[in-house]
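Structure first, then comments.
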There are 2 protein chains.
Amino acid sequence: MSRPATLDAPRASGRLTPAEREVIEFFVHLGRYLSLPRSVGEIYGALFATGGTMTLDELVSRLGISKGSASQGLRLLRGVGAVRASYRPGDRKDHYAAEVELPNLLRGFLRDQLSVRMNHANERLGRLLDAVEDPANGAPDGLSHRVERLVSWQKKAKRLVPLVSTFLKM
Amino acid sequence: MSRPATLDAPRASGRLTPAEREVIEFFVHLGRYLSLPRSVGEIYGALFATGGTMTLDELVSRLGISKGSASQGLRLLRGVGAVRASYRPGDRKDHYAAEVELPNLLRGFLRDQLSVRMNHANERLGRLLDAVEDPANGAPDGLSHRVERLVSWQKKAKRLVPLVSTFLKM
DNA sequence: CAGTTTGTTCATTGAAACTTGAACACTCGC
DNA sequence: GCGAGTGTTCAAGTTTCAATGAACAAACTG
């Protein structure tokens, strides 16, 4: 019944203060709900904690993760707008900072990720509707009606998105 | 670059019509976004497609999954309110039906799952705030301010839930 | 241009999750 | 109570996924 001890704890974090460890643990835990790899939560947590910028090899050495994990994690985080890279003149390393403003974070997510998924779902639903309405496919009674229901809910969800956006700005 | 062929396709489905297969494929795919096991998507899809009820061994034979998977999948689906069991007099088998009304589905989810998670997040944030405000923990400059920001957003999200509930009823 | 630094890619490894199937517990009818 | 029918549990096998680290590509420096 006991949870594995490694679930929440960062692995090697010799150079981190207790406060930083707490923040990282928090984001690792949060990431689990979004089914994100632990390393992603660690990276975002470390950047959130410092408030400033860190380079890839700083993340590697302070978090004790591999260069590969750090590279891939940073790519994912930049992809969803959770981390920004800043280039400094006279320094060849990239400097990464956490986007800590939730509205900005969600704005990027809603625009890039969610709308893509919505359109994808739209497509799939359309194809599904075609399939169940083809008499050759032997759809059970009332199935096309239930699928039409799904379509209408999908439209409703789409209308909900801007509403949430507005709410977040308040 | 090619996806594994097994990703979307139900495994053994000899007794299913093409329309049913399409519906099942749809829910298996949808389940992937929620990181649900394939068998769960298959079960819900099969119940959604028929519209009526099915027994455990009907699901087993028509989907070609094991009794164990079916039992566990049905438990999960009943747990989140996506499937209801109905008991019929004169029949020892349990009959299962999909809850196809999205508002009902989400009502259960919002009440049972989300509020629990919200409270959990609340707790964690409180402990995090305590930790970063303890001078002994060496928090970087401005960290407690950023964490307070998280707290205020969490409260905002909590207020958003009933709003979404209302919207779904329209 | 050779050497160094920086970041990415990818095959391999290891761990966690899903599925299976058989053993088990429970209930009903006789 | 006995036997058949129904559903659950759990150890073992299989699959899936994240982490690693070495090889690679790109960009700068002297």
Side-chain angles (χ1 to χ4, degrees), chain A residues 1-13 24 28-29 31-44 46 53-61 63-79 83-96, chain B residues 1-13 28-29 31-44 53-61 63-79 83-96:
Chain A
M1 283 295 106
S2 67
R3 286 193 304 195
T6 57
L7 194 152
D8 294 331
R11 281 153 300 190
S13 44
I24 290 168
V28 168
H29 190 96
R32 287 189 67 83
Y33 283 117
L34 307 169
S35 42
L36 294 174
R38 162 161 52 189
S39 59
V40 171
E42 290 178 327
I43 294 168
Y44 185 83
T53 66
M54 293 177 81
T55 62
L56 187 143
D57 61 317
E58 279 179 298
L59 287 164
V60 166
S61 66
L63 292 172
I65 63 180
S66 71
K67 218 164 44 143
S69 278
S71 175
Q72 290 178 183
L74 282 169
R75 171 171 16 165
L76 189 156
L77 287 166
R78 272 178 299 170
V83 160
R84 296 185 190 289
S86 61
Y87 303 89
R88 292 190 187 175
D91 191 346
R92 291 177 48 189
K93 299 186 183 186
D94 293 334
H95 293 252
Y96 301 100
Chain B
M1 279 298 109
S2 68
R3 286 193 303 195
T6 58
L7 195 153
D8 292 332
R11 280 154 299 190
S13 43
V28 167
H29 190 97
R32 287 189 67 81
Y33 281 118
L34 307 169
S35 43
L36 294 174
R38 163 160 47 191
S39 59
V40 171
E42 290 177 326
I43 294 168
Y44 184 83
T53 65
M54 294 176 83
T55 61
L56 187 141
D57 60 318
E58 280 180 298
L59 287 164
V60 166
S61 67
L63 292 172
I65 63 180
S66 71
K67 217 162 49 139
S69 277
S71 175
Q72 291 179 183
L74 282 169
R75 175 180 1 173
L76 189 156
L77 286 166
R78 273 178 297 171
V83 160
R84 296 183 190 290
S86 61
Y87 303 89
R88 294 189 185 177
D91 190 346
R92 290 180 48 192
K93 299 186 183 188
D94 292 335
H95 293 252
Y96 301 100

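Note: hydrogens, waters and symmetry copies are ignored here, and every other heavy atom, side chains too, is used. Every chain is numbered from 1 and lettered A, B, ... according to where its sequence line falls, protein lines coming before strand lines.
Put simply, A/Arg38 has no side-chain N or O that comes within less than 4.0 Å of OP1 or OP2 on C/dA15. For C/dT8, the OP1/OP2 oxygens have a side-chain nitrogen or oxygen of A/Arg78 closer than 4.0 Å. Of the side-chain N and O atoms in B/Ser71, none sit less than 4.0 angstrom from OP1 or OP2 of D/dG7.
B/Ser35 meets the side-chain contact (heavy atoms from CB on, under 4.5 Å) test with A/Ser35; sequence neighbours excluded. Residues that satisfy the side chain to side chain donor-acceptor pair (under 3.5 Å) test with A/Lys67, not counting sequence neighbours, are absent from this structure. Take A/Arg92 and apply the side chain to side chain donor-acceptor pair (under 3.5 Å) test, not counting sequence neighbours, and it matches no residue. With sequence neighbours excluded, no residue forms a ring-ring contact (aromatic ring centres under 6.0 Å, His included) with A/Tyr87. Here A/Tyr96 pairs with nothing under the ring-ring contact (aromatic ring centres under 6.0 Å, His included) rule; sequence neighbours left out.
Atom CG in B/Leu59 sits roughly 13 Å away from atom P in C/dT20 (whole-Å rounding). The CE-P distance, from B/Met54 to D/dT6, rounds to 15 Å in whole Å. For the pair B/Leu74 CG and D/dT8 P, the interatomic distance rounds to 8 Å; values are reported in whole Å. Per the geometry, OH belonging to B/Tyr87 stands 13 Å off C1' belonging to C/dC26, to the nearest Å. Summarising the geometry, the separation between NE2 on A/His95 and C1' on C/dT6 is reported as 12 Å, rounded to the nearest angstrom.
Across all strands shown, A/Asp94 has heavy atoms under 4.0 Å from sugar-phosphate atoms exclusively, and none from any base.
The side chain of A/Ile65 sits closest to D/dT20 out of C/dT6, D/dT20, C/dT8. Side-chain proximity of A/Leu56 to C/dC18, C/dG7, D/dA19: nearest is C/dG7.
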If the sugar-phosphate is the primed atoms plus P, OP1 and OP2 and the base is the rest, what is the B/S/- string for nucleotides 21-30 of chain D, using protein heavy atoms under 4.0 Å?
B-----BB--
